[in-house]
Q: 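The structure follows.
All chains are named by letter (A, B, ...) in the order of the sequence lines, taking the proteins before the strands, and each is independently numbered beginning at 1.
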Amino acid sequence: MEVTVTVNGSDQTHDIEPRVLLIDFIRTRVGLTGSHIGCDTSNCGACTVLFDGKPVKSCTVLAVQADGHAVTTVEGLKSNGTLHPIQAAFKEEHGLQCGFCTPGMMLVGAALIEANTEPSVDDVRWAISGNLCRCTGYMNIVTAIQTAAATGEG
Amino acid sequence: MTKVDDTTHMTTPPEIGGIGHRVRRHEDARFIEGQGNYLDDIVLPGMLHMAIVRSPVAHARITGIDTTAASEVEGVVAVVTGELMDQHGLAWMPTLSGDTQAVLATDKVRYQGQEVAAVIATDPAIAVDAAELVEVDYDILPAITTPQQALAPGAVLIRDEKEGQTDNRVYDWEAGDKAATDAAFAAADRVVSLSTFYPRSHPAPLETCGAIADVNSVTGQATIYMTSQAPHAHRTLFAMVTGLPEQNIRIISPDLGGGFGNKVPIYPGYVVATAASLLIGRPVKWIETRSENLISTGFARDYYMTGELAVTNEGKILGLRVQMLSDQGAFYADAQPTKFKAGLFHVVTGSYDYPAAHVVCSGAYTNKAPGGVAYRCSFRITEASFLIERLVQTAAYELGIDPAEMRFKNFIQPEQFPYHTPTGFVYDSGDYPTALRKALDEVGYDQLRAEQVAARAEGRLMGIGIAHFTEAVGAGPSHTYDIAGLKMFDSAELRVHPTGKAILKLGVMSQGQGHETTFAQIVAEELGIPVTDVKVMEGDTDNTPYGLGTYASRSTPVAGAATAMVSRQLAEKAKRIAAHLLEAAPEDIELKAGELFVKGTPARSVTIQDVSLAAYTNMPDGMEHGLEGVHYYDPPNLTYPYGSYIVVVEVDPETGVWKVERMVALDDCGVRINPMIVEGQIHGGLTEGFAMSSMQWITFDDDGNCIGSNFMDYLIPTAWETPRFELLETCVPSPHHPIGAKGVGESATVGSPAAYVNAVIDALAHLGVRNIDMPLLPDRVWSAIQSAQG
Ligand code: FES
Ligand code: FES
C-alpha cells in the first residue's frame, strides 16, 4: 500500500507491505541509515526518531501508522548548515564512543531540552532510560544533554 | 567528577595537540550527523539477504532436512544446508583455539541456536519467512548444561564426531609451582577459602554481528565486509578455511557499533554468506538479530572457581591455590594465546607479594553456545582479578583485619618492580600503596567505617567494598603470545605528504575507542604535525599493514608503540633533510613541536611542513625520496595497568535491593594520551562491571534452553540504574613502552565487579555472609540475609 511520511521536512511516498516497520521504511525505503536497529524487543532505543516532535522507538511503529505524520531523524537535526546544540554538545562532552546509540540519545535529548531548559541529572537519566548505551556508562551523555540545555537554543 | 591532572606529560601546544590534550574526537563529526557507516548501512548492487535456520533444541541427532517448501517461496534464490557445505569441504571450520566447529550442522546439533541451514533471498523478510519453512527432524538427546554434569561418569558424549574424544573433557591445564605452594600451605597459620561462580555473560555490543560477502566469480576477488575486531587475522583464517588465495580476499571492517570481544571470533554466518556468494555469484548480506547474537555468538566467563589463601595470623599471605572448572560450550572456541588454555588467568596472584601459587583448570564441553571470548578483558583476567580480590576480602574478615589494611600488609612495594610473580609474569611498574591511599582518602574511608558502625546499630546495612586490581594487557611479546599461531605484534604505516599532511594506517580496529584521534595525537607528539592534519585508517586489509587487531586492551600498548616508533623513524629522516636545508650536521638538528632547529641557535630553523615539501622537491643527493615508513612492533613485555576501586552501598534488608551510593575509581594506566577518552573508557568499563555484578546473566534450563536470549531477559543497565562515578588517577609510566602508556580499555570491567560484590558482602559480613554468586539479584541477597539470620 502507498504511504506518505514527511521525513525531515520532505514527503516520502513508497508502496510497501503493511508489515513494514517505520525503522525499515526510514532505513531501506527512504535510505537514511542514521537510525539504527539494536534489538528485536523494543528495549534498546537505537531506532528512536521524533514522531510529530515526540521521541518514539521506530521499531514499535508500523510505517502505515506514520502515514501523514512528520518524522525527524538524526539527519534532520542540523539546520541551515549549523549543528543542533545537542550535536555540538555530544562532541564537546565526549558523549559518544562507538556512535551506535548516539542518534537515538541525541533525539531524546533534543526533545527533553525543548520541554525542560534546566534538566537535573535525574531528569536526564530518566528521559534517556529507554535508550541503552554499551560504551559510555552514560556519564558524559548526561553532561552533554545538560550542556546543550544550557545553551538555551534547544 | 574529580577532574584529573592533564598537564603532566604535555609537551605540545593545543594547536598541535600531542599527548595529554583533551582533543575532541575526529570520528564524532560523522557519527553526530548520522553519517557513520556500519555494516547494515552498506548496500551493494544486486545484493541478496540471508537468514539462518537455527536449532530449537540443545542436543539432538538430525534425521532429516526438507528444504522443498522454503525453496519454492518466490524470491528465494538458494537454501544452503550442511550437506551442500560438506560438498565444498566447508561443513566444519577451525576455531581460534585449534578445535573444530560446525558451520552448518550435518550430524548433530549441540546447542540451542546452532546453525542448521541458511536461506538466501532477494529481500530480508522473504528470507526470514522461508527459513520458517525449512523442516528439520530431530532425534532428541539428553542435554548437558554444566561442566560438572559433563565430566560425570557416563555422561553422554557431545563431541562424538571427534576422533580420540572419549569424554567431554577439553583440556587440563596448570600454572605455578605445586610443591612450593603445598609447602606454603603447610607453614600457614590459617587457610581461607572461597568458592564462587563467575556466570556466563555476553558482551552484547549495541550493534550485532554481520557480514556482506561479495565474491566476483570472474576475477575471484572476494570482498567481505565484516564486523571484525581483527580483520587481518580473519583474512588469513578465511584463506585457510575456504581455500581462496589470500591476496584475493579483502576484509573490510566498517564502523563498528561496539565489540567488547564479541567481534573477535569467526562465526558460521560469515562463512555461509561467503560460500553462498561464491555459489550464486551475487553479494550476500547477513545481519544477526539480537536474539541470534545472544544465543549463538561468543559468550564470556562461565568459570567455577575455588581459591585458597595460606595466611599467617598477622595477615601475611604465604601462598595461593586455585582450582577451576570452565564451561566451554559445544566447541572450544576461546580467543586466546595457544599455550594458555585458561588465558592469562594465572595473573590471579594479583597485586600482592608472596612466593608460591598453583593454579589448575579443566575445561569441559557442554550443550551451550561456544565462545569463551575475552569480554572487555585480557584473556580471563576478569575472572582472575575477581577471585583474588574476593579472597583477600574474605581473609580479612576471617582474620579480623580491616580489608584495606589487609591489602597494605601484602602489596608489592614500588621498589620491587620489575616484579616476578610466582606464575611467571613480570609486572613492569607500579605504586600500589599510593594508589589505594589516595582512593581511601577521597572516599573518606575512616569516616565511612564509623558511619557503618552507626548504621548497623540502627539495623541498616551499609557496605564498603574495595578492589585493587592489576591487569596484564598488550599482548605480545610474540615469543609467548599468538592467536591461532599468528604472533601478536602490531603495526603502523605513516606517510607524510608534500603539504605536511599525514596518513597513518594501522593493523588494529576501533570499535568506539577513538583511534582516529588518539593515534593521530601520538604522531602529533612525535613529529609536531597538528593532530587535525593526521588521518588515521584502519579496518581494510588491502590498505593497512598486517596486525592482530583490537582486543585485550592491546591497541595502545602495541599499535600505539608502533605509531611512536614509525614516527621516530620519520623524525630521524626529517632531521637529515633539515640538516640539508639548514646546511648543518644532522646530529646537530633538534625536533620540538614541529620545529627543526640547529642546537643552540633556535633562530636557524625549518618547520616539519618545510621538510615534508623538501622530501618530495629538494632532497639531498643520495637520499631516498619521500617521508614514509612502516614499523612492526613486538613488545618486550606486557604492560600492567592497575587501580583502586571503592564502592559504598546501602542494602535494603527487607527486599535485598542494593544501591551504589558512591563509586570512586582510581586508575593508573601509565601516560594518558587523551585523558578525555581514557575517562570515557573507564566510565564504560565501570558500567559493565556493575552490569555483571548486578544483572547481566545468560543461563539455561535443564533442557539447555537459553534464558537471556533477548534484552527483556538479558538485562543491560540503563542510565537510571547505572551509578555515578568519581574518577582519580596516578601515573607510573610503563618503563618499556615508547611513550609510557599501558592501555586502559578493559581495566574498569576487570577491576570493578569485585568492588561492587565486596561492598554488598561487606554490608552483610557481620551477619556471617561470605559469598553470593553474581549477579547479585535482590532475591539472592535477600535469601543470604534470611539464611544468615537463621
Ligand atoms: S531497535 Fe531496539 S528499540 Fe527499536
Ligand atoms: S556509544 Fe556505543 S552504544 Fe552508546
Q: Test: ring-ring contact (aromatic ring centres under 6.0 Å, His included). Region: residues 43-70 of chain A. Which pairs qualify, not counting sequence neighbours?
A: A:Phe51-A:His69

Q: Non-hydrogen atoms of chain A under 4.5 Å away: do they reach the side chain of B:Leu256, the backbone, both or neither?
A: backbone

Q: At a heavy-atom separation under 4.5 Å, does B:Arg30 approach chain A through its side chain, its backbone, both, or neither?
A: neither

Q: Measuring heavy-atom distances to chain A, does B:Glu688 have an atom under 4.5 Å in its side chain, in its backbone, in both, or in neither?
A: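 Side chain only.
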
Q: With a 4.5 angstrom heavy-atom cut-off, is it the side chain or the backbone of A:Leu96 that approaches chain B, or both, or neither?
A: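 Contact with chain B is through both the backbone and side chain of A:Leu96.
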
Q: Can you tell which part of A:Asp24 gets under 4.5 Å to a heavy atom of chain B, answering side chain, backbone, both or neither?
A: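 Neither part, no heavy atoms under 4.5 Å.
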
Q: Let me see the working for B:Glu33 and A:Val74 under side-chain contact (heavy atoms from CB on, under 4.5 Å), right down to the final yes or no.
A: CA-CA 6 Å; B:Glu33 294 204 41; A:Val74 61; 5.9 Å; no

Q: Working to the nearest 0.5 angstrom, can you tell me the gap between B:Thr722 OG1 and A:Met139 CE?
A: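 The CE atom of A:Met139 is 10.5 Å from OG1 of B:Thr722, to the nearest 0.5 Å.
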
Q: Counting heavy-atom pairs under 4.5 Å with chain A, which one of B:Asn37, B:Thr208, B:Ile677, B:Leu686 comes out on top?
A: B:Ile677

Q: Which distance, rounded to the nearest 0.5 Å, do you find between the OG1 of B:Thr517 and the NE2 of A:His94?
A: 9.0 Å

Q: Is B:Phe260 in contact with chain A via its backbone, its side chain, both, or neither, using a 4.5 Å heavy-atom distance?
A: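 For B:Phe260, the contact with chain A is made by the side chain alone.
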
Q: Give the member of B:Leu206, B:Asp40, B:Ile682 that has the highest number of heavy-atom pairs under 4.5 Å with chain A.
A: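 Between B:Leu206, B:Asp40, B:Ile682, the count favours B:Leu206.
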
Q: Between chain B and each of A:Gly31, A:Gly76, A:Cys133, A:Cys135, count heavy-atom pairs under 4.5 Å; write down the option with the most.
A: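 Most heavy-atom pairs within the cutoff with chain B belong to A:Cys135.
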
Q: Of the non-hydrogen atoms in A:Phe100 and B:Tyr38, which two are nearest, and what is the gap between them?
A: N-OH, 3.4 Å

Q: Can you tell which part of A:Leu83 gets under 4.5 Å to a heavy atom of chain B, answering side chain, backbone, both or neither?
A: side chain

Q: Side chain from CB out, backbone as N, CA, C, O: work out which of these in B:Thr687 comes under 4.5 Å of a heavy atom of chain A, or both, or neither.
A: side chain

Q: Any Lys/Arg nitrogen of B:Asp123 or A:Arg19 sitting under 4.0 Å from an Asp/Glu carboxylate oxygen of the other?
A: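 No, this pair does not count.
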
Q: Could you tell me which of A:Thr136, A:Thr102, A:Val142 has the largest number of non-hydrogen atom pairs under 4.5 Å with chain B?
A: A:Thr136

Q: Evaluate side-chain contact (heavy atoms from CB on, under 4.5 Å) for A:Arg125 paired with B:Arg724, printing each intermediate quantity in order.
A: CA-CA 11 Å; A:Arg125 285 189 177 249; B:Arg724 280 67 159 167; 3.4 Å; yes

Q: Quick one: do the B:Gln681 and A:Gln97 side chains pair a donor with an acceptor below 3.5 Å?
A: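 Note: B:Gln681 and A:Gln97 side chains meet the donor-acceptor criterion.
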
Q: Report, in residue-number order, which members of residues 287-299 of chain B are under 4.5 Å from chain A by heavy-atom distance.
A: B:Thr289, B:Arg290, B:Ser291

Q: side-chain contact (heavy atoms from CB on, under 4.5 Å) between A:Leu132 and B:Phe711: does it pass, once the steps are laid out?
A: CA-CA 10 Å; A:Leu132 297 175; B:Phe711 278 166; 3.8 Å; yes

Q: Counting only non-hydrogen atoms closer than 4.5 Å, does A:Tyr138 touch chain B with its backbone (N, CA, C, O), its side chain (CB onward), both, or neither?
A: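 Interface part for A:Tyr138: side chain.
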
Q: Once rounded to the nearest 0.5 Å, what's the spacing between atom SG of A:Cys44 and atom CG of B:Asn710?
A: 12.0 Å

Q: Taking all heavy atoms of B:Gly257 and all of A:Cys98, pick out the closest pair and write down the distance.
A: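 Closest approach of B:Gly257 to A:Cys98, heavy atoms only: C-SG, 3.4 Å.
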
Q: So which part of B:Pro723 gets closer than 4.5 Å to some heavy atom of chain A, the side chain, the backbone, both or neither?
A: backbone

Q: Side chain, backbone, both or neither: which part of B:Asp41 has an atom under 4.5 Å from a heavy atom of chain A?
A: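 Both parts, heavy atoms under 4.5 Å.
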
Q: Please report the shortest heavy-atom distance between B:His202 and A:Arg134, naming the atom on each side.
A: O-NH2, 3.6 Å

Q: Against chain B, work out which of A:Arg27, A:Lys78, A:Glu75 has the most heavy-atom pairs shorter than 4.5 Å and name it.
A: A:Arg27

Q: From A:Glu92 CD over to B:Met676 CE, what is the distance, rounded to the nearest 0.5 angstrom?
A: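 If I round to the nearest 0.5 Å, the distance is 8.5 Å.
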
Q: For B:Ala125, is it the side chain, the backbone, both or neither that has a heavy atom under 4.5 Å from a heavy atom of chain A?
A: both

Q: Nearest heavy-atom pair of A:Met106 and B:Ile32: which atoms, and what distance?
A: CE-O, 3.1 Å

Q: What residue, out of A:Glu93, A:Glu17, A:Lys91, has the most heavy-atom pairs lying under 4.5 Å from chain B?
A: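 Option with the greatest count: A:Lys91.
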
Q: Hey, which of B:Ala691, B:Gly514, B:Pro203 has the most heavy atom pairs under 4.5 Å with chain A?
A: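 Winner by heavy-atom pair count: B:Pro203.
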
